[in-house]
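To start, the structure itself, in structure tokens.
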Amino acid sequence: MILRTLKSNRSINYLIFPLFGILFWLKSLLNPQTYPFFQGETDNLLYQPVAHLLESNSFLQSLVSLILVLFLAFAAQQVNNQFNFIRIRTMLPAPLLVIIISGFTEMHTLHPVYFAAIFVMLAIYRLFYAFDNAKPYSAAFDTGFLLGIGTLFYFNVSILFPAYLLGIGILSREYQWRQFVLNFLGFLLPLLFAASYAFFTNSFMELLKTYERNTFTSNNHFQSNITLFIFLGFLVFLIILGSISLIKQYDSKKVSTRKYFSVFFLLFLFSVISYIFIPATSQEMLIIISIPLTFLISNFFVFLKSRFWGELLFSLLFVLVVTLQFLA
């Protein structure tokens, strides 16, 4: 019954996913904890004033993180509604994204990745406007610019830039060098603004040091975290099922849907690659990975013919996330 309710297209579902968020975040709101940052992790240019403003109030840090997750879930739902790549009208992406992120219990407090995730989602929204457009110049520039702003909160989302660059080529009707150049210039512009600000405030070397720390600092929150590995194992199981389902449906899906999911695959791929090439990447990148996974797993549950297996698998996911709240 849980899945049947959530994947329906009723407006009441706009109230359900905020309720889920509040319930899953309740423990963190009642007993808030601050995130164990490494030195320099909060010094990214746009996140630094937020960190200074909220550093003495752990409750507000948890509350703001919840608000950002709910906004991210709403944005995910709007992306699906606007571009209709899950061809059956459904409200599942929003609550599913909240459920997945809620399973990362150590992330129930403020981290710069949440702000970056908002801009990653906005960049996806803008990127999809490039579909079947012979001259997607505006979409290309805006996509790069939005991702560039995201890097000023959490620098490591910069590794997603190739996914967006390739995405422009996949979605647009024609390959033209201008769209790739504009995408690159849009991405570069916020970084140039940051460098200019740092130069005129005599903090340029500090900015470079921040980027260095946020890239090369050894950072691992996965060690001995058995509950997180169990949850990730179940998500991997759903990813496999969702991928198999999508491959089977591939020939029957519209061209636009195929291309949108190709972009999601690239975003997932480059997010995973960050764990290989960026030592500072740890559990926070799971927030970014949750975005493409939400759409893949939503597609799987929406088109799963067996109501029994759908309800069982979704209930297991839901119960597992609930259990994690007590084990955290």
Side-chain angles (χ1 to χ4, degrees), residues 34-57 60-61 64-65 68 107 109-123 126-127 137-138 140-166 168 177-221 267 270-271 273-285 287-288:
T34 57
Y35 192 83
F37 292 108
F38 60 77
Q39 185 179 5
E41 193 171 6
T42 61
D43 291 340
N44 286 286
L45 185 63
L46 293 184
Y47 185 74
Q48 191 175 49
V50 178
H52 288 165
L53 181 65
L54 301 178
E55 63 182 351
S56 62
N57 194 322
L60 278 181
Q61 291 182 38
V64 171
S65 70
L68 291 173
M107 295 298 300
T109 187
L110 196 59
H111 190 283
V113 74
Y114 284 119
F115 292 95
I118 298 296
F119 286 95
V120 168
M121 185 69 79
L122 293 175
R126 198 69 188 95
L127 174 65
Y137 302 145
S138 177
F141 180 84
D142 294 347
T143 298
F145 185 74
L146 289 166
L147 182 64
I149 294 175
T151 66
L152 300 186
F153 286 100
Y154 174 65
F155 182 67
N156 292 341
V157 295
S158 57
I159 200 169
L160 300 181
F161 175 68
Y164 286 98
L165 192 66
L166 293 171
I168 287 291
W177 63 270
R178 292 182 183 85
Q179 62 203 38
F180 300 108
V181 171
L182 286 169
N183 187 242
F184 176 73
L185 291 177
F187 175 73
L188 193 61
L189 192 58
L191 298 177
L192 290 177
F193 283 151
S196 300
Y197 172 80
F199 178 80
F200 286 109
T201 57
N202 296 317
S203 57
F204 186 74
M205 295 307 298
E206 293 178 19
L207 180 67
L208 294 180
K209 188 67 175 178
T210 295
Y211 288 157
E212 178 187 357
R213 287 172 174 169
N214 280 271
T215 303
F216 298 108
T217 300
S218 181
N219 182 34
N220 190 344
H221 291 276
L267 290 171
F270 280 94
S271 297
I273 286 175
S274 69
Y275 286 102
I276 302 173
F277 293 104
I278 304 178
T281 300
S282 189
Q283 62 181 346
E284 73 283 347
M285 185 57 78
I287 305 301
I288 303 298

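Because the structure is predicted, anything quoted here is derived from the model rather than measured.
When every heavy atom of Asp43 is checked against every heavy atom of Arg213, the shortest pair comes out as OD2-NH1, 4.4 Å. What you find for Gln61 and Leu54 is that their closest heavy atoms are NE2-O, 2.8 Å. Annotation for Ala116 and Tyr154: closest pair CB-CB, 3.7 Å, computed over non-hydrogen atoms. Scanning all heavy atoms of the two residues, the minimum distance from Met285 to Thr281 falls at CB-CG2, 3.6 Å. For the residue pair Ile278 and Thr215, the shortest heavy atom distance occurs at CG2-O, 3.4 Å. When all heavy atoms are compared, the tightest approach of Tyr164 to Val120 is OH-O, 2.9 Å.
Residue Tyr35 holds its OH atom at 4.0 Å from CD of Gln283, rounded to the nearest 0.5 Å. The structure places OH of Tyr137 at 5.0 Å from CZ of Arg178, a figure rounded to the nearest 0.5 Å. The line from CZ of Phe193 to CZ of Phe145 is 6.0 Å long, rounded to the nearest 0.5 Å. For the atom pair CD1 of Ile288 and OH of Tyr114, the computed distance is 10.0 Å after rounding to the nearest 0.5 Å. Expressed to the nearest 0.5 Å, how far OG1 of Thr143 lies from CD of Gln179 amounts to 11.0 Å. For the atom pair Asn44 CG and Asn214 CG, the distance stands at 4.5 Å (nearest 0.5 Å).
Leu110 places none of its side-chain heavy atoms less than 4.5 Å from the side chain of Thr34. In this structure, Thr210 and Gln48 have side chains that are not in contact, with every pair of non-hydrogen atoms separated by 4.5 Å or more. For the pair Pro279/Asn219, no side-chain contact is recorded, criterion being any heavy-atom separation below 4.5 Å from C-beta on. Looking only at side-chain heavy atoms (C-beta outward), Phe161 and Phe184 come within less than 4.5 Å of each other. The shortest distance between side-chain heavy atoms of Phe187 and Thr151 falls below 4.5 Å. Looking at Leu45 and Tyr197, their side chains come closer than 4.5 Å, going by heavy atoms from C-beta outward. By the 4.5 Å heavy-atom criterion applied to side chains, Asn156 and Ser274 are not counted as neighbours.
Within 6.0 Å of the CZ atom in Phe199, the count of heavy atoms belonging to other residues, nucleotides or ligands does not exceed 12. Taking a 6.0 Å sphere around CZ of Phe216, one finds it holds 12 or fewer heavy atoms contributed by other residues, nucleotides or ligands.
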(message) One pair to check against side-chain contact (heavy atoms from CB on, under 4.5 Å): Phe119 and Leu46. What are the steps and the verdict?
(response) CA-CA 13 Å; Phe119 286 95; Leu46 293 184; over 6 Å; no

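Checked against the 6.0 Å centroid threshold, Tyr47 and His111 do not count as a close aromatic pair.
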